[in-house]
4 protein chains.
Amino acid sequence: MQFKGEKAIYIQITEFVMEKILKDDWQADGKIPSVRDLGSELEVNPNTVMRAYDILQQQEIIYNKRGLGFFVANDAQRIISSLRKKQFIDVELPQFFNTINLLGISMEEINTYYLKQQ
Amino acid sequence: MQFKGEKAIYIQITEFVMEKILKDDWQADGKIPSVRDLGSELEVNPNTVMRAYDILQQQEIIYNKRGLGFFVANDAQRIISSLRKKQFIDVELPQFFNTINLLGISMEEINTYYLKQQ
Amino acid sequence: MQFKGEKAIYIQITEFVMEKILKDDWQADGKIPSVRDLGSELEVNPNTVMRAYDILQQQEIIYNKRGLGFFVANDAQRIISSLRKKQFIDVELPQFFNTINLLGISMEEINTYYLKQQ
Amino acid sequence: MQFKGEKAIYIQITEFVMEKILKDDWQADGKIPSVRDLGSELEVNPNTVMRAYDILQQQEIIYNKRGLGFFVANDAQRIISSLRKKQFIDVELPQFFNTINLLGISMEEINTYYLKQQ
DNA sequence: GTGGTCTAGACCACC
DNA sequence: GTGGTCTAGACCACA
């Protein structure tokens with residue numbers, strides 16, 4: 001795993017974790033790696049992992065049992081999906097429509113591109 | 001105009017200027033505001049405006065006449081459009097398709113949203 | 001029973017036990033569950049239950065018979081009540097009055113809320 | 001300022017800042033101390049102050065202008081008050097009622113205590 | 001100058 | 001063993 005992109009590492013870790021959960025690599029109510037373990041696996045400071053876990057816990061995607069570690073929340077997949085969909089509908093889609101309007105691209109063209117790349 | 005978003009202010013200013021040019025608010029070979037004027041209008045440090053003008057000059061969207069100020073390049077609109085279109089086709093569109101596939105959204109849905117927001 | 005709050009689990013267990021005693025679920029001189037049994041019921045490590053029993057024993061709310069287990073003290077209810085009442089009058093009530101003053105809430109409002117939740 | 005209580009320092013700092021705002025020591029749209037300055041004033045690491053500011057920003061009590069610092073949000077006082085009131089009504093008040101019921105204390109008694117301490 | 005991120009290392013409570 | 005907090009110090013982008 002590489003962390004050289006523009007985004008902050010702790011953000012990339014939240015995405016990494018959500019990906020694991022979506023793919024069922026880490027399952028509901030199952031334990032996820034400790035901050036120390038994931039830190040050494042990803043070659044990152046445990047504090048940085050902690051920061052990612054903190055955010056995921058606020059979003060109720062994972063939860064904590066004292067002294068035992070972090071666990072995948074029961075409806076983690078649902079929360080992740082809805083978070084992503086919300087982000088897409090509210091932010092990315094309007095930007096997308098705005099861009100194609102400015103560039104003078106019609107939805108027909110988009111549909112054509114879509115079929116081509118399938 | 002607000003500058004509290006995630007993007008750097010100087011980037012937002014380049015976009016602001018390109019917008020003005022595309023909308024013919026600022027026309028070819030016409031003078032654009034001085035860094036001081038635009039700075040005070042946007043409530044931003046002139047240095048920050050200068051940084052934006054610098055970038056636009058490198059892209060040959062505006063040019064400078066010593067002692068007179070900055071002016072819109074002759075083919076500024078063409079350059080902006082092609083820059084954006086290239087960015088859009090090469091980067092944003094594939095990402096967009098990728099995202100809707102991941103979220104399980106069909107092009108039919110996208111078309112529906114598009115009609116709604118018109 | 002959930003143990004995800006901020007308070008330490010062993011503290012929550014002492015409160016759980018005192019609750020049982022006050023409600024007469026566990027009666028004077030009656031045996032209370034072994035640390036193993038209560039531990040498995042509450043899905044908690046027996047050591048953690050032991051720590052709670054230790055504290056309750058110091059406060060003479062329960063007592064121990066070698067090889068037999070823990071039992072509810074004769075005047076357990078009285079001890080619990082007086083502990084709580086003292087705590088309440090000395091600490092919680094002044095804090096409570098302080099808070100409602102800060103928030104600008106009158107005792108009339110409090111009385112209204114009280115009637116509503118009955 | 002002392003930070004010896006049980007609560008985490010960064011929590012105490014959020015409370016410290018909210019107090020300042022409520023008392024109009026720090027006013028709407030006014031700049032608040034930089035993380036470095038407040039850190040050295042409170043004899044605390046700037047990171048710890050940053051963590052507090054982060055939380056206050058999430059709650060939209062303060063906002064950030066890039067490179068300039070943090071500023072008090074326009075309706076910061078309103079947000080703080082409603083946060084506190086919500087916390088009180090939802091959490092503390094039900095606990096309070098629960099406690100007095102368990103201890104067999106009537107609202108009349110509470111009212112009497114209230115009048116006495118005025 | 002400002003915040004934002006990250007590391008290394010420490011100490012603590014809790015299980 | 002686990003997370004939670006905190007410090008010291010570093011580097012970066014931005015204004």
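Sequence lines set the chain letters: A, B, ... in the order given, protein chains first and strands last, and positions in each chain run from 1. Quick caveat, the model's predicted, so the values are computed rather than measured.
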With the side chain counted from C-beta on, respond yes when B/Leu56 and B/Gln59 share a heavy-atom pair under 4.5 Å apart, and no when they do not. yes
For Watson-Crick and G-U wobble pairs within 3.5 Å on both distances, what is DNA chain E written in dot-bracket notation, | included for inter-strand pairing? ||||||||||||||.
Sorted by chain and number, sequence neighbours left out, side chain to side chain contact (heavy atoms under 4.5 Å, CB included) with B/Lys23 holds for B/Glu19, B/Asp25
Nucleotide F/dG3, atom P - distance to CD1 of A/Ile55 in whole Å: 16 Å
Holding to side chain to side chain contact (heavy atoms under 4.5 Å, CB included), I want the full list of residues that pass it with D/Thr99, two or more places apart in sequence or in another chain. C/Phe88, C/Glu92, D/Leu103
Taking CZ from A/Phe71 and C1' from E/dC15, how many angstroms apart are they, rounded to a whole number? 11 Å
Could you state the atom-to-atom distance from CG of D/Asn64 to P of E/dT2 in whole Å? 12 Å
Expressed in angstrom and rounded to an integer, what is the separation of A/Asp37 atom CG from F/dG1 atom P? 10 Å
Atom-pair distance (CD on A/Gln57; P on F/dT2), nearest Å: 16 Å
With a 4.0 Å cut-off on heavy atoms, is D/Tyr53 in touch with a base, just the backbone sugar-phosphate, or nothing at all? nothing
What's the CG-P distance between A/Leu38 and E/dT7, to the nearest Å? 12 Å
Could you state the atom-to-atom distance from CD of D/Glu43 to P of F/dA8 in whole Å? 11 Å
Mind checking the OG1-CZ spacing from B/Thr48 to B/Arg51? Nearest 0.5 Å is all I need. 8.0 Å
Sequence-aligned protein contact record of nucleotides 9-15 of chain F, with B where the base is within under 4.0 Å of a protein heavy atom and S where only the sugar-phosphate is: B----SS
Closest non-hydrogen contact found for C/Val91 with C/Pro94 is O-CD, 3.4 Å
With rounding to the nearest 0.5 Å, note down the distance linking CD1 in B/Ile21 to CD1 in B/Ile61. 6.5 Å
Can you tell me how the ring of C/Phe70 sits relative to the ring of C/Tyr53, calling it parallel under 30°, perpendicular over 60° and tilted otherwise? perpendicular
Could you tabulate the donor-acceptor pairs under 3.5 Å formed by side-chain atoms of residues 31-39 of chain A, not counting sequence neighbours?
| unit_1 | atom_1 | unit_2 | atom_2 | d |
| --- | --- | --- | --- | --- |
| A/Ser34 | OG | A/Arg36 | N | 3.4 |
| A/Ser34 | OG | A/Asp37 | N | 3.0 |

Set of salt bridge (charged side-chain N to carboxylate O under 4.0 Å, His left out) partners for A/Glu15, sequence neighbours left out: A/Lys7
How many Å lie between CG on C/Leu42 and C1' on E/dC14, as a whole number? 17 Å
